[in-house]
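What follows is a single structure, written as structure tokens, with notes after it.
Only heavy atoms go into these numbers, but all of them, side chains included; no hydrogens, no water, no symmetry mates.
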Amino acid sequence: MATRNYAGLAVEVNEEGFLTNAAQWSKDVALAIAKEEGLALTPKHLEVIDYLRARSQNGETLTLRSVGNSGIVDTKAFYELFPGAPLKRAARIAGIPKPASCV
């Protein structure tokens, strides 16, 4: 396990950069991770992140389809917000474990 400095805090992460302690997540940490990912978070990004965090805390399985059917964004918009690997990138920024559906 490694430690990274986000928003002035030492945060524990795994080998892929996902937080290992969800209690260390904050909006400031999310902004710092997003900057590292090359993203500037908009209110729509934060809405998706809040959705992912809520679903993860409920123990729900997260998939591209579930986000696309969330009513927040469709799949195309999700890819536009988080280019490349949207679910993986969004989960990392949201401070939740990497979804099983991500490679």
Residues in salt bridge (charged side-chain N to carboxylate O under 4.0 Å, His left out) with E80, at least two apart?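 Per chain and number, E80 pairs via salt bridge (charged side-chain N to carboxylate O under 4.0 Å, His left out) with no residue.
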
Name all residues meeting the salt bridge (charged side-chain N to carboxylate O under 4.0 Å, His left out) criterion together with R89; count only those two or more places apart in sequence or in a different chain, and write none if there are none. E37

So, taking the atom named [atom1] in [X] and the one named [atom2] in [Y], what distance separates them when rounded to the nearest 0.5 Å?
X: E15; Y: T20; atom1: CD; atom2: OG1; answer: 10.0 Å
X: H45; Y: F78; atom1: NE2; atom2: CZ; answer: 9.5 Å
X: L9; Y: T3; atom1: CG; atom2: OG1; answer: 12.0 Å
X: T61; Y: N58; atom1: OG1; atom2: CG; answer: 11.5 Å

Validation: residues 24-32 side-chain donor-acceptor distances under 3.5 Å, sequence neighbours left out:
residue : atom : partner : partner atom : Å
Q24     : OE1  : E12     : N            : 3.0
Q24     : NE2  : A10     : O            : 3.4
W25     : NE1  : I93     : O            : 2.9
W25     : NE1  : A94     : O            : 3.3
S26     : OG   : D28     : N            : 3.4
S26     : OG   : V29     : N            : 3.2

Go through the steps to decide whether L87 and L52 satisfy the test side chain to side chain contact (heavy atoms under 4.5 Å, CB included), and finish with yes or no. CA-CA 9 Å; L87 188 56; L52 294 175; 4.1 Å; yes

Could you go through the side chain to side chain contact (heavy atoms under 4.5 Å, CB included) check for K88 and F82 one step at a time? CA-CA 9 Å; K88 185 176 180 179; F82 301 93; over 6 Å; no

For P97 and A91, the nearest pair of non-hydrogen atoms, with its separation, is O-CB, 4.2 Å

Give the minimum heavy-atom separation between V48 and L81, together with the two atoms involved.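 Scanning both residues, the minimum pair turns out to be CG2-CD1, 4.1 Å.
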
If you define the side chain from C-beta out and look only at heavy atoms, does anything of [X] sit under 4.5 Å from [Y]?
X: K44; Y: I72; result: yes
X: D74; Y: N69; result: no
X: I96; Y: F18; result: no

Show, in sequence, the C-alpha distance, side-chain angles and deciding distance for S66 and Y51, and conclude whether the side chain to side chain contact (heavy atoms under 4.5 Å, CB included) test is met. CA-CA 10 Å; S66 67; Y51 170 83; 4.3 Å; yes

Using a strict 4.0 Å threshold on nitrogen-to-oxygen distance, state whether R92 and E16 make a salt bridge. no

Would you say S70's side chain and V67's backbone share a donor-acceptor pair under 3.5 angstrom?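 The answer is yes, because a donor-acceptor pair under 3.5 Å joins these two groups.
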
